[in-house]
Amino acid sequence: MISVQGLTKRFDSTAVLDGIDLEIEPGERVVVIGPSGTGKSTLLRCLNFLDRPQAGTITIGDLSVDAAKASRADILALRRRTAFVFQNYALFANKTAKENIMEALVTVQKRPKADAEARALEVLRETGLDNKADSYPAALSGGQQQRVGIGRAMALDAGLMLFDEPTSALDPEWVGEVLDLMRRVAEQRQTMLIVTHEIQFAREIADRVVFMDGGRIVEQGPPGKVLDAPSDDRLRRFLRRVGQ
Amino acid sequence: MRALDLDYMIGLVPVILGYVPLTLFMAVAGMVLALILASLMAVERVIKVPGLDWLVMLFISFFRGTPLLVQLFLFYYGLPQVLSFLTQINGVTAAIMGLTLHFSAYMAESIRAAIAGVDRSQWEAAQSIGMTQGQMMRRIVLPQATRIAAPTLVNYFIDMIKGTSLAFTLGVTEMMGAAQKEAAGSFLYFEAFLVVAVIYWIMVEALNQGQKRLENHLNKAFAR
Ligand SMILES: Nc1ncnc2c1ncn2[C@@H]1O[C@H](COP(=O)(O)OP(=O)(O)O)[C@@H](O)[C@H]1O
Ligand SMILES: [Mg+2]
């Protein structure tokens, strides 16, 4: 069970997250949509303290962290229960595709190297990149880099996978292969919190769609309800704008 | 004007070459220690440990702000008068210490700038997988910063090799000291110091070639 209560983030004095409450069931796939500048990235980044929230409680399984008094150990523990997929991939530039995936397993999870390597190769097969194991990120296309980025997150076996617009930085030709991989991850009933503008994709894989505006959750529910029969005006306007 | 005594010079080459290992020992030891110290100071300058930051800044400012020769004299001749446990220190040790402290101050600044040049997303990715600050620095940030700083660091190593000649002023018989002793007997100062100059020159040129190889190696990950 994942639970977020009263999550608040201010930059200077403006509240970017204005007391977010969110519950996610294990295996649930939640898609967050909303206009840009609304706090979607900030929400994801606060969940693993890439941005430090000022208030709120984050619970992932048996770990509960009060943002106002989170210690360094709390933050590390939270990060070890989450996996993050970045918009700009953020692969380790000094490591090969395989090493990118192994890194957390060896350094953070302290698994034996052979074990980590076997897992990395397995993940690379799942992402269809086994022939790129020894390539450095600079030698990979955007689509391939993001697939490694997703593979790096998959290998962690974290309780919650966070995706921050994983296809927004990609050339259109690579979007399909990344969405395909995310579908496969979704089929494994991973718990996923995904920010995306791919409404069609949301309709396919989401158990629930959350609409954010102005640092708050305005409406949420099953995709059929939120995307096809929205009740909030701002949501209706947003959907019209993105062509739904 | 007189002709160069070539035979004398050729005879002197093996004598001076015999001191190359000592020169390299001082330079390599100084470089390794300076790299460690500089990396620690650079990381401190980036993450700013409270209470330590001003000390590191003071250190860097002092060792960049005063001449190497003055620093060497201060250590070798000056400090033992104040700190009695230093009386045992020999010239080679003092030279390595001086070179280490002096060059670490410069290298700390170039490593700090290189760390700042590593893309922000690399830090965030390292944090997102749950690395500690130390793991992030050692495994992700510093290796990438090294690539950025490498050309500058090789230049400091070259300066360090040349700087070892100052050990002569601390009574160490290295290449320069050996040439001085030889010339004192033969009075062929020009020949003796020319041999020293050419040997330094060849060593530095060899390093410049090595630097090109090193850069190719470090850029391997970034080539398409
Ligand atoms: N580091 C920061 N400093 C100041 N303001 C920020 C920072 N990061 C984000 N913001 C602001 O917070 C708001 C929400 O940003 P973000 O979470 O990136 O929105 P979204 O992902 O929904 O487009 C924006 O107005 C943005 O300008
Ligand atoms: Mg965003």
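Quick note on labels: first sequence line is chain A, next is B, and so on, each numbered from 1. Note that the structure is a prediction, hence the values are computed from the model and not measured.
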Participant: Taking atom CZ as the centre, does B/Phe62 end up with more than 12 heavy-atom neighbours from other residues, nucleotides or ligands that are less than 6.0 angstrom away?
Facilitator: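 More than 12 heavy atoms, drawn from other residues, nucleotides or ligands, come within 6.0 Å of this atom.
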
Participant: What part of A/Phe92 gets closer than 4.5 Å to chain B, counting heavy atoms only: side chain, backbone, both or neither?
Facilitator: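 Looking at A/Phe92, backbone and side chain both touch chain B.
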
Participant: Is it true that, when you exclude B/Gln81 itself, more than 12 heavy atoms of the residues, nucleotides or ligands shown sit nearer than 6.0 Å to its CD?
Facilitator: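 No - once you tally the heavy atoms of other residues, nucleotides and ligands closer than 6.0 Å, there are 12 at most.
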
Participant: By a 4.5 Å heavy-atom criterion (distance strictly below it), what part of A/Leu91 contacts chain B: side chain, backbone, both, or neither?
Facilitator: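 The backbone, not the side chain.
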
Participant: Check whether more than 12 heavy atoms from other residues, nucleotides or ligands sit under 6.0 Å from atom NZ of A/Lys113, and answer yes or no.
Facilitator: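 For A/Lys113, atom NZ is not crowded (no more than 12 foreign heavy atoms under 6.0 Å).
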
Participant: Are the side chain of B/Gln122 and the backbone N or O of A/Ala93 linked by a donor-acceptor pair below 3.5 Å?
Facilitator: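 Side chain of B/Gln122 to backbone of A/Ala93: a pair is present.
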
Participant: Of all of A/Leu156, A/Leu50, A/Asn48, A/Asn88, which one pairs up most often with chain B through heavy atoms under 4.5 Å apart?
Facilitator: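 The residue among A/Leu156, A/Leu50, A/Asn48, A/Asn88 with the greatest pair count is A/Leu50.
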
Participant: Counting only heavy atoms not in A/Lys110, do more than 12 fall under 6.0 Å of its NZ?
Facilitator: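 Yes, enclosed.
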
Participant: With a 3.5 Å distance limit and no angle check, can you tell me whether A/Asn94 reaches the backbone of B/Leu142 through a side-chain donor-acceptor pair?
Facilitator: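 No; zero donor-acceptor contacts below 3.5 Å.
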
Participant: Sort A/Arg152 into side chain, backbone, both or neither according to what part of it lies under 4.5 angstrom from a heavy atom of chain B.
Facilitator: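 Interface part for A/Arg152: side chain.
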
Participant: Looking at every heavy atom in both A/Ala90 and B/Ser121, which two are closest together, and how far apart are they?
Facilitator: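 In this case the closest contact between A/Ala90 and B/Ser121 is CB-O, 3.8 Å.
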
Participant: Name the member of B/Arg147, B/Met131, B/Gln133 that forms the most heavy-atom pairs with chain A at distances under 4.5 Å.
Facilitator: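 The candidate making the most pairs under 4.5 Å is B/Met131.
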
Participant: Within the structure provided, determine whether B/Ile140 and A/Lys95 are in side-chain contact (heavy-atom separation under 4.5 Å).
Facilitator: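 The answer is yes, as the side chains (C-beta and beyond) meet within the 4.5 Å cut-off.
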
Participant: Could you please state which residues from residues 123-130 of chain B sit under 4.5 angstrom from chain A, measuring non-hydrogen atom to non-hydrogen atom, sorted by number, or 'none'?
Facilitator: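 Within residues 123-130 of chain B, the residues under 4.5 Å from chain A are B/Glu124, B/Ala125, B/Ala126, B/Gln127, B/Ser128, B/Ile129, B/Gly130.
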
